[in-house]
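All remarks here apply to the structure that follows.
All values below come from the heavy atoms of this structure, side chains included, with hydrogens, waters and symmetry mates left out.
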Amino acid sequence: PPPWTRARLRRAEPRCQARAVAEVIGEGPRVKFTLARVGDLPRTHDALAAALAEAVRAMEAAGCCPVLDDGLRAAAEAEPVPRGEAAAMVLVVAFDSEGGVARYRSRDPATKPTSDAALHWAARVEAPARFGWTRRPGASLHGHVLETTKAAATLGLPLSAEATLFSTPADREALLALFAAHAYPAVSTVVRRDHGFFTLGADAADARGRVETLAARARAAGLLPER
């Protein structure tokens, strides 16, 4: 299936609020591409959505803080999404990199893709086709931690050459440049400088396991706080 992305975002857990957000943040809206909803999310996708929701919860529990408030709703309207709710996911069915348009399906019309949806599309659709990967990853998980040169060097992870403004074409191309030099499945995790890590897996459970292993290594190295 095409990439999924978490929407109706919950604010960072208290354990994450003390650290700076690992992104180059500019002015204006966080989602810097056009969103076009093309229909409802079919109930046949519930199992996949639930598996991804479980993986996101595991990332938060591991201290990877993957979700941020993308400002898709006014503060008075924003409500926490129940953990593991399949309806909190959207399905990106197409991404026009030249026109900057993400087409998606969601259970609720108010539920929209996150600002990093273009990165998940690049990882799961563009990179395998562009670089001739022997396998296409079935899931991608992105955490806003371990974004530094020190973290990448300590964990032995490929690091992008430069930091870019998130949710922009330059951000997507920087991730693709990493994948051009480091093909999946030989390399499953890369680091976007000043943004965070990006992990690929055969499916949501595999990607989750890789992230949990990464987080444990990072804690042992003093790169993440003890839980």
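- Val191 and Leu141 fall within a single hydrophobic cluster, where Ile, Leu, Val, Met, Phe, Trp and Tyr are joined by side-chain heavy atoms under 4.5 Å apart, directly or via other members.
- In this structure a side-chain-to-backbone donor-acceptor pair under 3.5 Å is present from Arg136 to Arg124.
- Shown here for Val101 and Ala36, the closest heavy-atom pair between the two residues is CG1-CB, 4.2 Å.
- Between the CD atom of Glu126 and the CZ atom of Arg172 there is a distance of 4.5 Å, given to the nearest 0.5 Å.
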Evaluate the side-chain contact (heavy atoms from CB on, under 4.5 Å) criterion for residues Phe179 and Val190: first the C-alpha distance (whole Å), next the side-chain angles of each, then the deciding distance (0.1 Å), finally the verdict. CA-CA 8 Å; Phe179 289 144; Val190 297; 3.9 Å; yes

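- By the criterion of side-chain heavy atoms lying less than 4.5 angstrom apart, applied directly or through intervening Ile, Leu, Val, Met, Phe, Trp or Tyr residues, Val145 is grouped together with Leu155 in one hydrophobic cluster.
- Residues Pro128 and Ala123 approach most closely at CD-O, 3.4 Å, considering heavy atoms.
- Atom-to-atom distance recorded for Thr213:OG1 and Arg210:CZ is 8.5 Å, nearest 0.5 angstrom.
- Between His144 and Phe197, the distance separating the two ring centers is not shorter than 6.0 angstrom.
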Arg219 and Leu223: side-chain contact (heavy atoms from CB on, under 4.5 Å), yes or no, with the steps? CA-CA 6 Å; Arg219 282 194 299 275; Leu223 298 170; over 6 Å; no

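- For Tyr184 (side chain) and Ala202 (main-chain N/O), a donor-acceptor pair under 3.5 Å exists by modelled atom type.
- Note that the NZ atom of Lys112 and the OH atom of Tyr104 stand 6.0 Å from one another [nearest 0.5 Å].
- The minimum heavy-atom distance between Thr134 and Pro185, with the atom names listed, is OG1-CD, 4.1 Å.
- Using a 4.5 Å heavy-atom cutoff, the side chains of Leu157 and Leu146 are not in contact.
- When atom types are taken as modelled, the side chain of Asp116 and the backbone of Leu119 share no donor-acceptor pair closer than 3.5 angstrom.
- Salt-bridge formation is not detected for the pair Arg43/Asp40: no Lys NZ or Arg NE/NH1/NH2 atom is positioned less than 4.0 Å from an Asp or Glu carboxylate oxygen.
- Of the N and O atoms on the side chains of Arg193 and Ser160, not one donor lies less than 3.5 Å from an acceptor on the other residue.
- A distance of 11.5 Å separates CG of Leu178 from CD of Glu173, quoted to the nearest 0.5 Å.
- In terms of hydrophobic clustering, with Ile, Leu, Val, Met, Phe, Trp and Tyr side chains grouped at heavy-atom distances under 4.5 Å, Leu175 and Leu159 are assigned to different clusters.
- Look at Asp171 and Arg192 and you find a salt bridge, because one of the NZ, NE, NH1 or NH2 atoms lies within 4.0 Å of a carboxylate O, short of that distance.
- Nearest heavy-atom pair, Phe33 versus Thr114, reported as atom, atom and distance to 0.1 Å: CZ-O, 3.5 Å.
- Between the side chains of Arg37 and Ser106, at least one donor N or O sits under 3.5 Å from an acceptor N or O.
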Please test Arg208 against Met59 for side-chain contact (heavy atoms from CB on, under 4.5 Å), starting from the C-alpha separation and ending with a verdict. CA-CA 7 Å; Arg208 169 188 170 179; Met59 289 182 69; over 6 Å; no

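- To the nearest 0.5 Å, atom CD of residue Glu212 and atom OG1 of residue Thr199 are 11.0 Å apart.
- Cluster annotation: Trp121 and Phe131 are assigned to distinct hydrophobic clusters (Ile/Leu/Val/Met/Phe/Trp/Tyr, side-chain heavy-atom contacts under 4.5 Å, transitive).
- Remark: Met89 CE to Leu52 CG distance equals 4.5 Å, nearest 0.5 Å.
- Of all the heavy atoms in Val187 and Thr189, the pair that sits closest is CG1-O, 3.5 Å.
- With Ser140 contributing its side chain and Leu200 its backbone, the two residues share no donor-acceptor pair below 3.5 Å.
- Shortest non-hydrogen contact noted between Ala163 and Asp194 is CB-OD2, 3.5 Å.
- Leu176 and Trp133 end up in the same hydrophobic cluster when Ile, Leu, Val, Met, Phe, Trp and Tyr side chains are linked at under 4.5 Å.
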Take Arg103 and Phe95, measure what side-chain contact (heavy atoms from CB on, under 4.5 Å) needs, and give me the verdict at the end. CA-CA 6 Å; Arg103 293 177 171 80; Phe95 187 84; over 6 Å; no

